[in-house]
Amino acid sequence: MIALWFLAGGAIEVLNTLMRCWSIEQVRHPARAFALMAGGLLFRLLATALVLMLAFRHSPISGLMALVGYWICRWIMIGWVKRRYPST
């Protein structure tokens, strides 16, 4: 079960990163830029909080594993974004 929370933490970070990349690619339309960024931020924050809250309610170890999965996957995704967009 702990491995599933680790994977859930990693999966939520992959979703967060893909949403950020998609939102940035859509900034070509300035009228929608703020709505995309604010809506995406709210959704990402709620999704991450929900996964971590459920994991910590299950057990403290599960919560820590979800957080570690999120953190490790975040660094992996930062490396992926740096390779995909080398000028940033």
Peer 1: Nearest 0.5 Å please: distance from the OG1 atom of Thr48 over to the CG atom of Asn16.
Peer 2: 4.0 Å
Peer 1: Using the rule that Ile, Leu, Val, Met, Phe, Trp and Tyr join whenever any side-chain heavy atoms are under 4.5 Å apart, tell me whether Leu36 and Phe43 fall into a single cluster.
Peer 2: no
Peer 1: If you look only at pairs with a residue in residues 57-78, which of them pass as a salt bridge (Lys or Arg N to Asp or Glu O under 4.0 Å), with sequence neighbours excluded?
Peer 2: Glu13-Arg74
Peer 1: Got a second to check how far Ile24's CD1 is from Met37's CE, nearest 0.5 Å?
Peer 2: 5.5 Å
Peer 1: Please tell me if the side chains of Cys73 and Phe6 come closer than 4.5 Å, counting only heavy atoms from C-beta onward.
Peer 2: no
Peer 1: Grab the two heavy atoms, one from Ser62 and one from His58, that are nearest each other, plus how far apart they are.
Peer 2: OG-ND1, 3.0 Å
Peer 1: Just how far is it from atom CG of Leu7 to atom CD1 of Ile2, taken to the nearest 0.5 Å?
Peer 2: 12.0 Å
Peer 1: Checking Phe56 against Leu64 for the side-chain contact (heavy atoms from CB on, under 4.5 Å) test, could you report, in this order, the C-alpha distance in whole Å, the side-chain angles of both residues, the deciding distance, and whether it holds?
Peer 2: CA-CA 7 Å; Phe56 274 107; Leu64 287 175; 4.3 Å; yes
Peer 1: Using 0.5 Å steps for rounding, measure from the CZ atom of Arg83 to the CD1 atom of Ile78.
Peer 2: 12.0 Å
Peer 1: Which value, rounded to the nearest 0.5 Å, describes the distance between Leu45 atom CG and Leu50 atom CG?
Peer 2: 11.0 Å
Peer 1: Kindly state each residue pair satisfying salt bridge (Lys or Arg N to Asp or Glu O under 4.0 Å) with at least one member in residues 35-51, sequence neighbours excluded.
Peer 2: none
Peer 1: Are Leu54 and Leu4 grouped together when hydrophobic residues (ILVMFWY) are joined by side-chain heavy atoms under 4.5 angstrom apart?
Peer 2: yes
Peer 1: To the closest 0.5 Å, what do you measure between CG (Leu46) and CG (Leu42)?
Peer 2: 4.5 Å
Peer 1: Any side-chain heavy atom of Met77 within less than 4.5 Å of one from Trp80?
Peer 2: yes
Peer 1: Counting heavy atoms not belonging to Leu41, are there more than 12 under 6.0 Å from its CG?
Peer 2: yes
Peer 1: Find out if a path of hydrophobic residues (ILVMFWY) with successive side-chain heavy-atom gaps under 4.5 Å connects Ile76 to Val81.
Peer 2: no
Peer 1: Where is the tightest heavy-atom contact between Gly9 and Val51, given as atom of each residue plus distance?
Peer 2: N-CG1, 4.4 Å
Peer 1: Between Ile61 and Val68, is there shared hydrophobic-cluster membership here, with clusters defined by ILVMFWY side-chain heavy atoms closer than 4.5 Å?
Peer 2: yes
Peer 1: Which atom pair, heavy atoms only, marks the closest approach of Arg84 to Cys21?
Peer 2: NH1-CB, 4.4 Å
